Protein chains: 2
Amino acid sequence: MRVTPQRLAILDALRASRQHPTVEEIHEMVRADHPAISLNTIYKSLDTFEGVGLVHRFVIGDRASYRYDFDTRGHIHHYCRQCGKVSDIHTEDFGAVAESIRGAVPGECLEVDQIDVHLVGLCSECVDARRENA
Amino acid sequence: MRVTPQRLAILDALRASRQHPTVEEIHEMVRADHPAISLNTIYKSLDTFEGVGLVHRFVIGDRASYRYDFDTRGHIHHYCRQCGKVSDIHTEDFGAVAESIRGAVPGECLEVDQIDVHLVGLCSECVDARRENA
DNA sequence: ATATCTGCAAAAGATTTGCAAGGAG
DNA sequence: CTCCTTGCAAATCTTTTGCAGATAT
């Protein structure tokens, strides 16, 4: 895998963002420094990164677009069905959650490499907003 | 919500399938009895059904397409990265898993309506196939 | 030097929108 | 009878593919 200015910029942008950006959003961010970078390069680079486990790709909520996360440690994602924001839920104890999930799997016959937990609901801002309007 | 032959056919097809079909797949199935049904009708009907909680929509694995599930009870989905099959993992104790997940959420500030647990790995057939080739 | 990566353009795939005709309530 | 639903077509959005030139190693 080659190290290019584009790839470094993509990784930097993803690391800097806590927003689980879509490909399009990453494109926007990287263009600030690399005006000529193509969307295609974003797609291919992220695909490469995912292949070597540098980043995590997922789809959440009612938006069928890939989102990327620089943080590959196990954690929970929350999708706000009001504003669309995706937030991390970092728990001290994701291990216990993973354990409980693995315990529910009949085992032996199938293999599990990756566990994604997605919650859908309202983020704290949207809960607050609703409370004010009530 | 109106009851039409098309909608009944869509619900029947979805109920009959344990494959978590995509919109395109549902279209194929329903066309057996309703050759003239349009893809658009499938989209709109499923959207309506989801709105009233009749079906569950999700996206899993590396295929960015909506999948639908007639079974709206909480359960785990497993995606096979080899063959693409999506299977249900019905555990007696999804309640315990849900409990453990809710316990990990800091609470009060955000709302959780729905919990999706997605596993990625190999299905039993693909595990067997690999074992035979080894 | 050479295999990989980039950027452009086009193709492919998935979902949504607009509208006129049809059918359920 | 009226409003919701259907089917068609086109538009939009997202992702993939093909290829020629550039570049990291």
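This structure is a prediction, so every number in the text was calculated from the model and none was measured. Per chain, numbering begins at 1; letters A, B, ... match sequence-line order.
B:Ile89 approaches B:Leu119 most closely through the heavy-atom pair CD1-CD1, 3.8 Å.
Regarding B:Asp62, its CG atom lies at a distance of 18 Å from the P atom of D:dT14, rounded to whole Å. Going from atom CG of B:Leu39 over to atom C1' of C:dT15 covers 9 Å, rounded to whole Å. Atom CD in B:Glu25 sits roughly 11 Å away from atom P in C:dT15 (whole-Å rounding). B:Ile37 has its CD1 atom 11 Å from the C1' atom of D:dT5, to the nearest Å. Here D:dG7 presents its P atom at 11 Å from CZ of B:Arg7, a figure rounded to the nearest Å. For B:His34 and D:dG7, the NE2 to P distance is 9 Å, given to the nearest whole Å. In this structure, CG of B:Asp47 is placed 14 Å from C1' of C:dA14, rounded to the nearest angstrom. Computed from coordinates, the B:His27 NE2 to C:dT16 P distance equals 16 Å when rounded to whole Å.
The phosphate of D:dT23 (OP1 or OP2) has no side-chain N or O of A:Gln6 nearer than 4.0 angstrom. For A:Thr41 and C:dG7, the shortest distance from a side-chain N or O to OP1 or OP2 is below 4.0 Å.
With D:dC19, C:dT15, D:dT15 as the choices, the nucleotide that has an atom nearest any side-chain atom of A:Val23 turns out to be D:dT15. Of the listed nucleotides (D:dT14, D:dG18, D:dC8), D:dT14 has the atom at the smallest distance from the side chain of A:Tyr43.
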TODO: Scan nucleotides 20-25 of chain C nucleotide by nucleotide, 5' to 3', and note B when protein non-hydrogen atoms come under 4.0 Å of the base, S if they reach only the sugar-phosphate, - if neither.
DONE: ---BBS
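Put simply, the side chain of B:Asn40 and the base of C:dT16 share no donor and acceptor less than 3.5 Å apart.
No donor-acceptor pair closer than 3.5 Å links the side chain of A:Arg81 to the backbone N or O of A:Val120.
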Task: Audit row: A:Arg15, A:Asp12, salt bridge (charged side-chain N to carboxylate O under 4.0 Å, His left out) steps and yes/no - done: CA-CA 5 Å; A:Arg15 177 168 40 204; A:Asp12 275 347; 2.5 Å; yes
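Between A:His118 and B:His118, the ring planes are perpendicular. Angles over 60° get that label, and only those under 30° would be called parallel. By the 30° and 60° cut-offs, the orientation of the rings of B:Tyr68 relative to B:Tyr66 is perpendicular.
The residue B:Glu24 sits apart from the nucleic acid: no heavy atom pair falls under 4.0 Å. Counting non-hydrogen atoms under 4.0 angstrom, B:Ser45 reaches the backbone sugars and phosphates but no base.
With respect to B:Asp88, the side chain to side chain donor-acceptor pair (under 3.5 Å) criterion is satisfied by exactly one of B:His20, B:Arg73, B:His78: B:His20.
Shown here is A:Glu28, whose CD atom has more than 12 heavy atoms of other residues, nucleotides or ligands within 6.0 Å.
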